[in-house]
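Quick note: residue numbers are just sequence positions, from 1. Only a predicted model underlies this, so the values are computations on that prediction, with no experimental measurement involved. Only heavy atoms go into these numbers, but all of them, side chains included; no hydrogens, no water, no symmetry mates.
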Amino acid sequence: MPELPEVETTRRGIAPHLEGQRVSRVIVRDRRLRWPIPEDLDVRLSGQRIVTVDRRAKYLLINAEVGTLISHLGMSGNLRLVEVGMPAAKHEHVDIELESGLALRYTDPRRFGAMLWSLDPLNHELLIRLGPEPLTDLFDGERLFQLSRGRSMAVKPFIMDNAVVVGVGNIYATEALFAAGIDPRREAKGISRTRYLKLAIEIKRILTHAIERGGTTLRDFIGGDGQPGYFQQELFVYGRGNEHCKVCGTGLREVRLGQRTSVYCPRCQS
């Protein structure tokens, strides 16, 4: 599933080609996503100029002159730019055609993504209860410390809770906990303020680096596959269960936390 850095890389890839452009029409080939695409999406969006392309958590917000298209890539979705009229393949469900001659094409084989319309997106039911963005001043270690008091859940699912902070998915939670030297199994309430301050710094650092790597490895959102670059070759623990720790050489261990596999180093993380 695309995580926050991949969604942000997508935003940066498509925004320069959308912002300031007028929508000529919207073609919906299959409305059956996680929630049905609105029947009147073409009427609402066609003829409008796209003002900005923003992001809230893992949602892309394509802001038109009146109203916003809220898009989520789900588990298998991607967005790319193609020439208007380019034949669509089986899982290419939506084209937003622009007067520039390009079309924003949404592809989603598993159809678990979303394309919804809102006049007040930040108060939409999917967004209104979200916590702060991790790369803003609203998120820090003090917030983690205060919200963790009395919480007996493991620290990894705690920092993955979108009400605590958005966008810290499985990959980046695993990596941040390793960088901060914190065992992902530890109870959230048992971690000190000092260690939470360190963890918040590592979350910000790793997400920022992942976004930068996505940008440098991005091939092309025009006519390409629309997939951002990952930095998997730089991962210390995620996906490396039973391999050796790159820092100390100890065998990495796997455990299930919050229905997710988590990998950690029993020596580097305590």
Side-chain angles (χ1 to χ4, degrees), residues 1-16 18-19 52-62 71-73 78-79 122 127 130-148 155-182 184 188 191 193-221 226-240 245-247 260 262-265 268-269:
M1 178 182 291
E3 296 201 26
L4 185 147
E6 289 75 56
V7 177
E8 175 62 18
T9 300
T10 297
R11 187 196 70 79
R12 294 183 183 189
I14 65 175
L18 267 63
E19 292 176 349
T52 59
V53 180
D54 298 325
R55 179 190 54 76
R56 180 71 172 105
K58 297 180 185 179
Y59 294 92
L60 287 169
L61 307 179
I62 300 176
S71 179
H72 194 286
L73 301 179
N78 71 72
L79 289 164
L122 296 182
L127 278 66
L130 294 176
E133 292 286 329
L135 301 181
T136 66
D137 292 340
L138 296 176
F139 169 69
D140 56 20
E142 183 64 27
R143 175 180 174 83
L144 290 178
F145 178 74
Q146 294 297 335
L147 292 180
S148 68
V155 64
K156 184 185 174 187
F158 169 68
I159 64 173
M160 291 177 64
D161 183 348
N162 279 326
V164 174
V165 57
V166 300
V168 184
N170 194 29
I171 295 174
Y172 303 105
T174 301
E175 291 295 305
L177 286 165
F178 175 79
I182 298 173
I191 295 172
R193 175 183 277 109
T194 299
R195 301 197 80 184
Y196 271 127
L197 293 175
K198 170 68 171 172
L199 179 57
I201 290 170
E202 292 299 339
I203 288 172
K204 289 174 180 280
R205 181 186 66 80
I206 287 170
L207 287 175
T208 298
H209 180 62
I211 292 169
E212 291 171 350
R213 291 291 291 147
T216 59
T217 58
L218 177 64
R219 293 295 177 258
D220 196 353
F221 275 90
Q227 297 289 358
Y230 294 82
F231 73 133
Q232 290 184 349
Q233 69 275 15
E234 301 175 24
L235 296 174
F236 280 86
V237 281
Y238 177 82
R240 300 188 62 243
C245 177
K246 294 180 180 180
V247 174
R260 297 290 188 92
S262 190
V263 180
Y264 69 99
C265 175
C268 293
Q269 295 172 259

Side chain to side chain, E202 and E175, heavy atoms closer than 4.5 Å: no

Any side-chain to backbone donor/acceptor pair from R11 onto L60? Under 3.5 Å, distance only. no

Less than 4.5 Å apart, any side-chain heavy atom of L177 and any of I159? yes

How long is the straight-line distance from OG1 of T208 back to CD1 of I203, given to the nearest 0.5 Å? 11.5 Å

Euclidean distance, D54 CG relative to E8 CD, rounded to 0.5 Å: 9.5 Å

4.5 Å side-chain heavy-atom contact, Q269 and P184: yes

Charged N-O contact under 4.0 Å between K58 and E3: no

Give a yes or no on whether the backbone of A57 and the side-chain of R55 come within a donor-acceptor separation of less than 3.5 Å. yes

Give me the atom names and distance for the closest heavy-atom approach of G141 to A200. N-CB, 3.2 Å

Is there a side-chain contact between L127 and Y59 in this structure, where contact means two heavy atoms from C-beta onward sitting under 4.5 Å apart? yes

Can you tell me if N170 and K156 form a side-chain donor-acceptor pair at under 3.5 Å? yes

Polar side-chain atom of K204 near backbone of L199 as donor-acceptor pair, under 3.5 Å: no

What are the two closest heavy atoms between P134 and L207, and how far apart are they? CG-CD1, 3.5 Å

May I ask you to test the R193-Y196 pair for a side-chain heavy-atom distance under 4.5 Å? no

